[in-house]
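A short worksheet on the structure shown next.
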Amino acid sequence: MAKNSGYWLVKSEPGCFSIDDLAALPGQTTMWDGVRNYQARNFLRDSMKEGDRVFFYHSITGVGIAGLCEVVGKPYPDPTQWNPENRHFDPASPADTPRWYAVDIRLVRKFARILPLAELRNLQELAEMELLKRGSRLSVQPVREEEFQAIMAYVGEGMGVR
DNA sequence: GCCAACGTTGGC
DNA sequence: GCCAACGTTGGC
């Protein structure tokens, strides 16, 4: 696992929340909530900081990186954990020591097209990338700086974005 | 829909 | 603490 690098990748099912949904929001900013895995929680809560770059990844359908976001502000207790109406409600989470955290992320740029997982597998620089490992299921995961740069270079050259 | 991989739960 | 059972994730 990469150390905290200031670069991340978050996953979302586009049928649930897509990059276009994010782009349509005021300020193109959303609360990234509902993370209910301790390893992902630790990354989010302990290491995400203002200005960090975040790849927005679409899982299940249209599998690939859809764009780039950035962290806004600091992580904070995820309010959905105390909302009985919410599907991520966790009645066992104590109010004084919240179990789950959220963070705000803002869209920086939607890529001209989704960068498919299959193409990412072709990039030698990404041989060790967490996303490409067998059984990788983390919904919040760190990205190494060299991986970030390789992807952005590929986006720039192959997709005419920057 | 299939299935591999992984996390969580709970009996012991 | 072990481990089987179960539920979920997520690529294909």
Side-chain angles (χ1 to χ4, degrees), chain A residues 1-5 7-25 30-48 52-69 71 75-105 107 109-144 146-148 150-152 154-155 158-159:
Chain A
M1 198 73 69
K3 294 200 305 272
N4 170 29
S5 56
Y7 303 102
W8 306 94
L9 180 144
V10 296
K11 297 180 181 178
S12 182
E13 294 184 33
C16 180
F17 185 79
S18 73
I19 198 162
D20 288 328
D21 294 330
L22 176 58
L25 291 177
T30 191
M31 175 175 70
W32 202 261
D33 60 12
V35 173
R36 293 295 183 270
N37 169 283
Y38 285 105
Q39 202 177 353
R41 188 277 315 265
N42 291 345
F43 283 130
L44 190 158
R45 181 191 63 182
D46 302 337
S47 301
M48 274 195 171
D52 280 2
R53 302 317 239 187
V54 183
F55 286 125
F56 192 111
Y57 178 84
H58 281 180
S59 64
I60 309 291
T61 59
V63 174
I65 297 177
L68 181 66
C69 300
V71 172
Y76 51 91
D78 181 347
T80 67
Q81 68 196 307
W82 296 302
N83 178 3
E85 307 292 308
N86 193 280
R87 64 182 287 258
H88 299 293
F89 178 52
D90 181 359
S93 179
D96 52 345
T97 53
R99 185 174 289 175
W100 306 113
Y101 278 70
V103 74
D104 288 347
I105 68 166
L107 181 64
R109 176 164 73 229
K110 180 185 167 183
F111 291 166
R113 66 181 174 95
I114 289 179
L115 182 48
L117 192 59
E119 279 185 49
L120 294 173
R121 293 192 189 283
N122 291 333
L123 300 183
Q124 289 183 356
E125 298 93 328
L126 306 184
E128 301 298 315
M129 191 173 181
E130 180 67 22
L131 179 71
L132 305 184
K133 290 180 179 167
R134 278 171 62 87
S136 169
R137 300 192 316 174
L138 270 183
S139 63
V140 176
Q141 56 182 254
V143 173
R144 294 177 184 81
E146 54 269 33
E147 294 165 346
F148 178 84
I151 290 169
M152 293 311 290
Y154 184 76
V155 167
M159 303 170 80

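Chain A is the first sequence line, chain B the second, and so forth, proteins listed ahead of strands; every chain is numbered from 1. In this text, all values refer to a predicted model and were calculated from it rather than measured experimentally.
Residue A:I60 contributes atom CD1, which lies 8 Å from atom P of C:dT9 at whole-angstrom precision. Summarising the geometry, the separation between CG on A:L132 and P on C:dC12 is reported as 10 Å, rounded to the nearest angstrom. Distance NZ (A:K133) to C1' (C:dG11): 18 Å, rounded to an integer number of Å. In this entry the distance linking CG of A:L138 with P of B:dG7 reads 8 Å, nearest Å. Whole-Å rounding puts the A:R99 CZ to B:dT8 C1' distance at 12 Å. Rounded to whole Å, atom P of C:dG10 lies 13 Å from atom NE2 of A:H58. Atom CZ in A:R36 sits about 19 Å away from atom C1' in B:dC6, given to the nearest Å. Going from atom CD of A:Q141 over to atom P of B:dG7 covers 13 Å, rounded to whole Å.
Between A:D90 and A:R36 no salt bridge is recorded (no basic side-chain N to carboxylate O distance below 4.0 Å). Looking at A:D78 and A:R41, no side-chain N of the basic residue comes within less than 4.0 Å of a carboxylate O on the acidic one, giving no salt bridge.
For A:Y57, counting side-chain heavy atoms from C-beta on, the closest listed nucleotide (C:dG11, B:dT8, C:dT9) is C:dG11. For A:L117, taking side-chain heavy atoms from C-beta onward, the closest of the listed nucleotides C:dC12, C:dT8, C:dG10 is C:dC12. Of the candidates B:dT8, C:dG10, C:dG11, C:dG10 carries the atom nearest the A:R137 side chain, counting heavy atoms from C-beta on.
At C:dG10, one or more side-chain N or O atoms of A:K11 fall inside 4.0 Å of OP1 or OP2 (strictly under the cut-off).
Side-chain contact between A:D33 and A:P79 is absent, with no heavy atoms from C-beta onward closer than 4.5 Å.
Side-chain polar atoms of A:D46 and A:Y101 form no donor-acceptor pair below 3.5 angstrom.
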